[in-house]
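Residue numbering restarts at 1 for every chain, and letters A, B, ... go by the order of the sequence lines. Computed from heavy atoms alone, side chains included, the values below leave out hydrogens, waters and symmetry copies.
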Amino acid sequence: MSAAGTIERVDHDRTRPAAILEVSRLTGTLNTARGPAQALRGIDLSLAPGQTLGLAGESGCGKSMLALAVMGLLPAGAQVSGSIRFQGQELIGASDAALCRLRGNRIGMVFQEPMTTLNPLHRVGDQVAEPLRLHQGLSRASARAEAARLLDRVRLPHAAQSLRAYPHQLSGGQRQRVTIAMALACGPDLLIADEPTTALDVTTQREILELINELVAASGMTLLMISHDLDALARIADRMMVMYGGSVVESGPLDAVVTERAHPYTRGLFAARPRWSALGEQGAKRRLQTIPGRVPELADLPPGCAFSNRCAWTLDACRAGLPAALAIGPQHEARCVRLNEPGFRS
Amino acid sequence: MTPVVLALHDIVKHYRRPRQRLWAPGPVVQALRGVSLQVRAGQSMGIVGESGSGKSTLARVAMALERPTLGSVRWSGQDPNALDASDLRLARRHVQMVFQDPYGSLDPRQRIGQIVAEALESSAVAKAREQVEESLLAVGLSERDADKYPHEFSGGQRQRIAIARALITRPRLIVADEPVSALDVSVQAQVLNLLADLQEALGLTYLFISHDLAVVNHVCDEVAVMYAGRIVELGTPGQLFQAAAHPYTRALVGELPRDRPGVAHGPRRRLQAQTSVRVQAGPTLESGACAYAQRCAYRQARCQVEAPELRVISQGHQAACHVAESVMVEHLGEQ
């Protein structure tokens with residue numbers, strides 16, 4: 001896409017009323033041993049019903065913090081400001097009781113490590129049935145029947161017998177299927193999946209991705225999927241958001257982000273992967289492009305643009321303050337002060 | 001041709017699982033069912049396969065950490081399993097290993113200097129220190145890091161420390177078991193570049209185990225695809241990824257998203273449930289059939305009764321499939 005077109009501040013106040021999740025100017029500060037850490041720095045995002053959003057970035061960029069903030073699960077002592085609206089309801093400052101009514105009910109969650117998500121002392125059937133009894137007031141028997149149906153839906157082999165299994169009797173992929181069944185139990189409107197495939201075997205990863213894809217398409221759920229695996233996100237998301245140092249450095253439709261890679265960090269991330277296109281090419285042995293340095297601790301981010309100390313295009317202006325989000329295409333924006341320079345985006 | 005640093009000949013490895021009934025012996029798992037391969041000095045051999053295919057058993061046998069049930073291992077012509085304990089100790093300096101998890105493989109209570117120097121038997125402390133510093137510098141760390149503890153380092157730096165530890169005995173062969181799988185993308189690239197630089201500078205030989213085909217393609221001169229304890233295809237990355245001759249390799253390669261320059265991944269790539277790729281848990285004993293037959297799209301009557309042997313398809317390219325040629329032709333035709 002050409003760099004032509006007027007570049008303007010994105011107006012986040014004009015929100016589409018249809019959004020199921022609306023996050024604006026969200027900041028979050030955590031207390032760490034090294035002092036306050038700016039885990040979230042002015043996050044804006046809006047998700048329409050049925051959209052699938054992939055959130056990319058390396059560990060320590062604040063991806064999981066964003067997910068935890070949406071669910072009201074940030075660690076004690078975290079200071080949050082801004083706004084998170086879920087189906088029009090403000091979640092920041094909402095009571096625990098109100099959040100509990102949403103979590104596991106309207107908002108389903110799948111985490112990275114299924115063994116720590118599941119309670120090792122309870123049978124998986126009871127764990128899948130728990131949200132049903134809690135949120136929908138089902139009787140023990142009907143919750144159990146529903147749990148069997150859910151386990152079957154996530155294609156757990158021998159679902160009916162597996163109700164009585166303990167988590168340790170299942171393989172990693174099977175456990176992840178159980179946690180997905182738990183997340184889906186109450187038919188949530190929003191599913192948050194935080195690295196759901198990272199702890200799994202490659203081929204199992206594919207199956208789980210396939211399952212999530214299928215369930216999301218069938219139920220019309222909205223999906224927020226977090227992963228550092230760009231390929232996994234590219235398979236599942238309509239939109240992509242790249243985070244670095246607690247802020248969203250680029251967000252837009254999947255295709256636009258993948259092809260344009262407007263922000264230098266997005267570019268660096270994609271370039272660091274051994275390229276698929278080189279697969280099988282003779283003499284593929286060559287140096288990979290790297291991003292110098294490493295992801296800074298959230299407690300000691302450089303001033304201004306968090307990427308400025310690793311970026312090849314840094315100017316003084318980069319360190320002056322967090323760059324504004326600039327529109328560079330339809331629903332596509334990035335936070336970089338040099339975006340509109342001729343030749344910067346090639 | 002450079003000399004052969006590692007040669008495995010017809011390796012079979014059985015494990016006996018715990019007994020399930022009081023009077024019956026436990027079931028036998030055939031982790032490796034006749035694996036042969038050779039790695040020449042300065043080359044990188046990649047081993048690809050899903051978990052349960054025998055990759056890690058192969059690494060352990062190659063390192064002489066496990067004795068094969070049948071078959072032989074040669075380190076530059078020497079059989080490590082025939083050596084007595086003290087000679088084996090000496091011979092081990094020529095083969096070193098780098099593990100997947102840089103958090104689990106470094107003792108948190110030891111300083112980096114101790115960790116890196118552990119393989120040295122030198123009683124001269126000053127000389128050990130010198131070697132440690134040299135090793136740390138080679139992997140891009142500083143000599144001051146020798147006095148620090150593992151928790152002071154990031155994942156990528158820890159993997160550098162693990163590599164420094166492997167380098168200190170000046171090995172010929174490094175067995176790397178998923179060395180970059182636990183690292184973030186940008187750090188992964190740094191470590192892969194480091195491995196390439198070290199290979200060039202020190203003439204290292206790698207046995208590189210990974211599930212990531214793009215990484216293997218980037219690093220390796222030759223790749224062996226394993227399935228259910230056997231090598232089903234062996235060749236250069238070019239042969240495997242552009243002209244796969246085994247249906248399993250084809251299924252693996254077919255699953256890859258390819259981003260051609262300038263073209264996007266495409267709008268929401270639908271995942272196909274084509275040949276679902278999963279190993280049957282614990283390959284069964286004598287069946288006579290090809291282990292992949294049940295999942296194979298090219299299955300024929302013959303595959304159920306006669307397991308195909310690894311055979312030469314073209315120069316330097318081997319596959320274990322009765323219909324390898326037609327699989328390959330079809331793969332080539334698709335591109």
*B:Asp184 side chain vs A:Glu58 backbone, donor-acceptor pair below 3.5 Å*: no

*Only one of B:Val215, B:Asp212, B:Leu213 passes side chain to side chain contact (heavy atoms under 4.5 Å, CB included) with A:Pro274; say which it is.*
B:Val215

*Heavy atoms, side chains only, cut-off 4.5 Å: are B:Leu183 and A:His228 in contact?*
no

_Are there over 12 heavy-atom neighbours, none belonging to A:Gln161, within less than 6.0 Å of that residue's CD?_
yes

_A:Arg310 portion near chain B, given a 4.5 angstrom heavy-atom threshold_ = side chain

*Greatest number of heavy atom pairs closer than 4.5 Å to chain B - which of A:Leu269, A:Thr290, A:Val295*: A:Thr290

*Residues in side chain to side chain contact (heavy atoms under 4.5 Å, CB included) contact with B:Ser154, at least two apart in sequence or another chain*: A:Arg294, B:Gln157

*Would you find more than 12 non-hydrogen atoms of other residues, nucleotides or ligands less than 6.0 Å from A:Gln289 atom CD?*
no

*Can you tell which part of B:Leu240 gets under 4.5 Å to a heavy atom of chain A, answering side chain, backbone, both or neither?*
neither

*Do you know which two heavy atoms are closest between A:Leu288 and B:Ala189, and how far apart they sit?*
CD1-CA, 3.7 Å

*Which residues, numbered in order, of residues 219-227 of chain A come under 4.5 angstrom of chain B by heavy-atom distance?*
none

